[in-house]
Amino acid sequence: MEIELSKTDIIPPYNFDFALTHYNIYPWVSEEGKLIRVLQLRNGKICVAEIKSLGTLNNPKLVIRTKPSRNIQAEEVEEIKEIISWCLGLKEDYRPFYEMCEKDRVLKTAMESRYGSKGKSYPTVFEAIIGVICAQNIQFKRLYSMMYNLCTKLGERIKIAGKDYFSFPSPKNISRSPLSIIRECKVGYRDKFIKKIAEIIVKDNINLEKLKKLSTEDARKELLKFPGIGPYTANLVLAVGLRRKDVLHLDRFVREVMYTFYFDGEKVPDELLIKYANKHWCGFQSLAVDALTTNTEIWAKKLGIDFKIKSGARGE
DNA sequence: CAGGTC
DNA sequence: CCTGG
């Protein structure tokens, strides 16, 4: 089954190549020009979506091929299209953000090589929450192995052309797996949080997708109720799980980048960083931070700065 | 010993 | 608190 997405589905500019080469956290996989991932549909069905580009930056066109190809209902096709559109931000208009970058020499430089890129987000709020919890306290690249382990040990397996693919595990799967198995995924102290959150969702029958309809403030309040979710995790979930642009997460990488490029290398208190972001990147804080923390060591050279922390966006 | 949370 | 650096 092939699904085509063109002008009416994608707001240009759209840079598919960026999506293909950055932040491919399992179950996202990039293979031979195709972006692949397993999806679990509302009715529980597991399928694989393979996305490739046939268009250009200003005339984007994507084709989604779904496997297995048989027995896909019309409403399932629609659902797959919606999921992919959401994850890749196809309907997001980033032009106001680019306009803002024009006035910021650092952001302008950071965005130069990724014009038309749109942040990749998680298909479900649940996957976003677990993903961000795994992102606490680590160098970014470790996130890849944690998510890979969770999927291969606890996700659903599907074989396509002799190759195994895994879905991101459902709350139910996680909630009923022993702590020791979750621990084996090398998630460390996060194991209890991950299991606890899954248990709460199953026991209280919570539909996390409803958070997408709430205001950023209300959604944040709901997120903070879960164990293991503090201000950092809540804000990053809002950014990568709910596509909120007006949130800021401060971790060591973000702090370091802001000190270096906006405060002359001086370590200033968080309050000042927050104030700066709100003032200068108003409404686009999360997009600015995304730009600043992606391939930093590469574009920093154009500004004559030798930035020491590696970004991890490309997954090494 | 990070670093975000408890 | 875990784990990788």
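The figures here come from the full heavy-atom set of this structure, side chains too, leaving out hydrogens, waters and symmetry mates. None of the values given here were measured: they were computed from a predicted structure. Residue numbering restarts at 1 for every chain, and letters A, B, ... go by the order of the sequence lines.
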* Asked: Between Phe284(A) and Tyr98(A), does the ring centroid distance fall short of 6.0 Å?
  -> no

* Asked: Taking atom P of dG4(B) as reference, at what distance in whole Å does atom CG of Leu248(A) sit?
  -> 12 Å

* Give a yes-or-no answer on whether the side chains of Asn149(A) and Glu184(A) include a donor-acceptor pair shorter than 3.5 Å. => no

* Counting heavy atoms not belonging to Arg244(A), are there more than 12 under 6.0 Å from its CZ? -> yes

* For atom CG of Leu143(A) and atom C1' of dG4(B), their distance in whole Å -> 15 Å

* Please find out if less than 6.0 Å separates the ring center of Tyr122(A) from that of Phe168(A). => no

* Can you spot which of Asn295(A), Asp17(A), Asp290(A) makes a side-chain hydrogen bond (donor to acceptor under 3.5 Å, both in side chains) with Arg114(A)? => Asp290(A)

* Asked: How about Glu32(A): does its CD atom have over 12 heavy atoms from other parts shown lying under 6.0 Å from it?
  -> no

* Under 3.5 Å: donor-acceptor pair, side chain of Lys120(A), backbone of His22(A) -> yes

Review item, nucleotides 1-5 of chain C N/O atoms under 3.5 Å of protein N/O:
residue, atom, partner, partner atom, Å
dC2(C), OP1, Arg183(A), NH2, 3.2
dC2(C), OP1, Lys192(A), NZ, 3.0
dC2(C), O5', Arg183(A), NH2, 3.3
dC2(C), O4', Tyr189(A), N, 2.9
dG5(C), OP1, Lys141(A), NZ, 3.2

* How would you label the contact of Phe253(A) with the nucleic acid (heavy atoms, under 4.0 Å): base, sugar-phosphate, or nothing? -> nothing

* Could you tell me whether Ile133(A) contacts a base, only the sugar-phosphate backbone, or nothing, with contacts defined as non-hydrogen atoms closer than 4.0 Å? => nothing

* Find the distance Ile130(A):CD1 to dT5(B):P and express it as a whole number of Å. => 14 Å

* Secondary-structure stems, DNA chain B, at least 3 Watson-Crick or G-U base pairs under 3.5 Å -> none

* Asked: Counting heavy atoms not belonging to Lys103(A), are there more than 12 under 6.0 Å from its NZ?
  -> no

